[in-house]
Amino acid sequence: MSSHEPEPHSEFDVPPLTETIAPGTASDPDVTSAETATVTVDGEEVEVEAGSTLLDAVEEVETDEYVPALCHYDRQDIGPRSECRTCMVETDEGVVPACSTPAEDGLDVSTDAAPASEARDVNLDLVLSDHNLRCTTCGKNGRCDLQDVSIENDVEEPRYGVFDDKDEYEPIDDTSDFIQIDRNKCILCNRCVEACNDVQVEGVLRMEGHGQDTRIGFQNGADTMEGSTCVSCGHCVTVCPTGSLVEKGIEDATTIPLPGFNQKNSVGKVIEEAGVEKGPMTPMKRDQVTETTRETGGDEERDWP
């Protein structure tokens with residue numbers, strides 16, 4: 001290639017949020033305030049900066065009631081998605097999700113108003129009704145956001161039943177050398193999808209399906225993590241609030257062993273890995289990188305582990 005000819009770009013060199021990577025937060029509407037605002041929360045005035053939500057104001061004071069905000073993640077521009085609706089508060093404009101409502105000057109916010117309190121409780125019970133509540137066999141036992149919120153709210157039995165009453169468990173995806181997926185514990189908060197697409201810009205995860213069939217899937221259409229384009233960066237595991245995504249090797253670290261009952265057989269079916277050590281890149285991702293190296297005239301084809 002001559003020195004004056006531009007170097008070709010492969011599709012894997014493109015900037016984030018192109019047609020090859022489905023976005024997360026970047027496509028969301030702006031839900032933050034345009035300027036500094038003074039909001040009254042449970043009778044106490046709070047001044048918040050431009051770019052704030054009602055949840056930011058709520059977190060500045062000792063509120064009358066606990067506002068969980070389960071799907072909220074306040075770092076790295078992940079969220080808010082307003083998926084779980086466990087952060088509902090009452091304002092002059094009605095009951096709204098605090099995580100995705102702009103903090104507007106003069107708003108009066110109440111956390112202990114009966115409609116808001118009931119909405120938070122109902123929505124938490126809805127999340128629990130679609131969750132594997134066998135906490136003693138979970139790798140996040142004792143360090144799970146949903147477990148913490150449930151304890152804080154004195155939940156003893158969800159009003160809409162539990163997962164065992166309604167659905168068949170999805171198989172655990174144990175095909176990756178580094179990350180285990182248990183969709184039975186997923187609360188569809190979308191944190192992992194946004195971390196993968198908007199922060200790491202890997203374009204591996206996506207939300208797929210509709211209604212009760214909504215689940216975390218893979219952008220390349222793979223059925224398992226082994227067939228995806230994952231590079232095992234682990235960011236999805238870091239932001240997951242439950243035991244849905246757990247680092248391999250510690251998936252049983254906080255479980256309470258019971259005779260004949262463990263994390264895998266509590267679900268009933270596990271999709272196991274092929275038994276061949278693959279390294280951080282899945283075979284699909286390794287093939288993509290190798291092909292890209294050929295197309296862009298790399299110095300040599302690397303033998304990836």
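Atom set for the values below is all heavy atoms of this structure, side chains included, hydrogens, waters and symmetry mates excluded.
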Query raised in the report: Is a side-chain donor-acceptor pair under 3.5 Å present for Asp112 with Ser110?
Result: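 On atom types as modelled, these side chains qualify, holding a pair under 3.5 Å.
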Main-chain N/O of [Y] paired to [X] side chain as donor or acceptor, under 3.5 Å:
X: Gln147; Y: Asn141; answer: no
X: Thr242; Y: Lys185; answer: yes
X: Asn220; Y: Gly227; answer: yes
X: Ser228; Y: Met225; answer: yes
X: Gln219; Y: Leu205; answer: yes

[X], [Y]: one ILVMFWY side-chain cluster at the under-4.5 Å cut-off?
X: Tyr66; Y: Leu146; value: yes
X: Tyr73; Y: Leu55; value: no
X: Val239; Y: Ile250; value: no
X: Met88; Y: Val58; value: no
X: Leu107; Y: Val67; value: yes

Please tell me if the side chains of [X] and [Y] come closer than 4.5 Å, counting only heavy atoms from C-beta onward.
X: Glu202; Y: Thr229; value: no
X: Pro68; Y: Leu124; value: no
X: Val122; Y: Asp125; value: no
X: Asp174; Y: Thr224; value: no
X: Asp145; Y: Lys140; value: no
X: Thr91; Y: Glu104; value: no
X: Leu128; Y: Val155; value: yes
X: Ile78; Y: Val199; value: yes

If you take all heavy atoms of [X] and [Y], which pair is closest and at what distance?
X: Cys84; Y: Cys71; value: SG-N, 3.4 Å
X: Lys248; Y: Asp177; value: CB-O, 3.6 Å
X: Thr36; Y: Val48; value: CG2-O, 3.2 Å
X: Val95; Y: Ala119; value: CG1-CB, 4.4 Å
X: Cys192; Y: Leu245; value: CB-CD1, 3.6 Å
X: Ile179; Y: Cys230; value: CD1-SG, 4.3 Å

[atom1]/[X] to [atom2]/[Y] distance, rounded to the nearest 0.5 angstrom?
X: Leu70; Y: Ser150; atom1: CG; atom2: OG; value: 7.5 Å
X: His131; Y: Ser244; atom1: NE2; atom2: OG; value: 8.5 Å
X: Glu90; Y: Thr111; atom1: CD; atom2: OG1; value: 10.5 Å
X: Glu83; Y: Leu188; atom1: CD; atom2: CG; value: 7.0 Å
X: Asp56; Y: Glu49; atom1: CG; atom2: CD; value: 8.5 Å
X: Asn184; Y: Ile172; atom1: CG; atom2: CD1; value: 7.0 Å

Report task. Could you walk me through whether Val41 and Thr63 pass the side chain to side chain contact (heavy atoms under 4.5 Å, CB included) test, one step at a time? Result -> CA-CA 7 Å; Val41 180; Thr63 55; 4.1 Å; yes
Requested in this report: Apply side chain to side chain contact (heavy atoms under 4.5 Å, CB included) to the pair Glu226 and Ile271, showing each step before the final yes or no.
Outcome: CA-CA 10 Å; Glu226 186 176 35; Ile271 303 175; over 6 Å; no
**Report entry** SB check Arg183 Glu208 (cutoff 4.0 Å)
**Finding:**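 No, no charged N to carboxylate O under 4.0 Å.
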Report task. State whether the number of non-hydrogen atoms from other residues, nucleotides or ligands found under 6.0 Å of Glu65 atom CD is greater than 12. Result ->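 Enclosed.
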Requested in this report: Please step through salt bridge (charged side-chain N to carboxylate O under 4.0 Å, His left out) for the pair Arg120 and Glu152, ending with a clear verdict.
Outcome: CA-CA 13 Å; Arg120 290 195 300 271; Glu152 183 72 26; over 6 Å; no
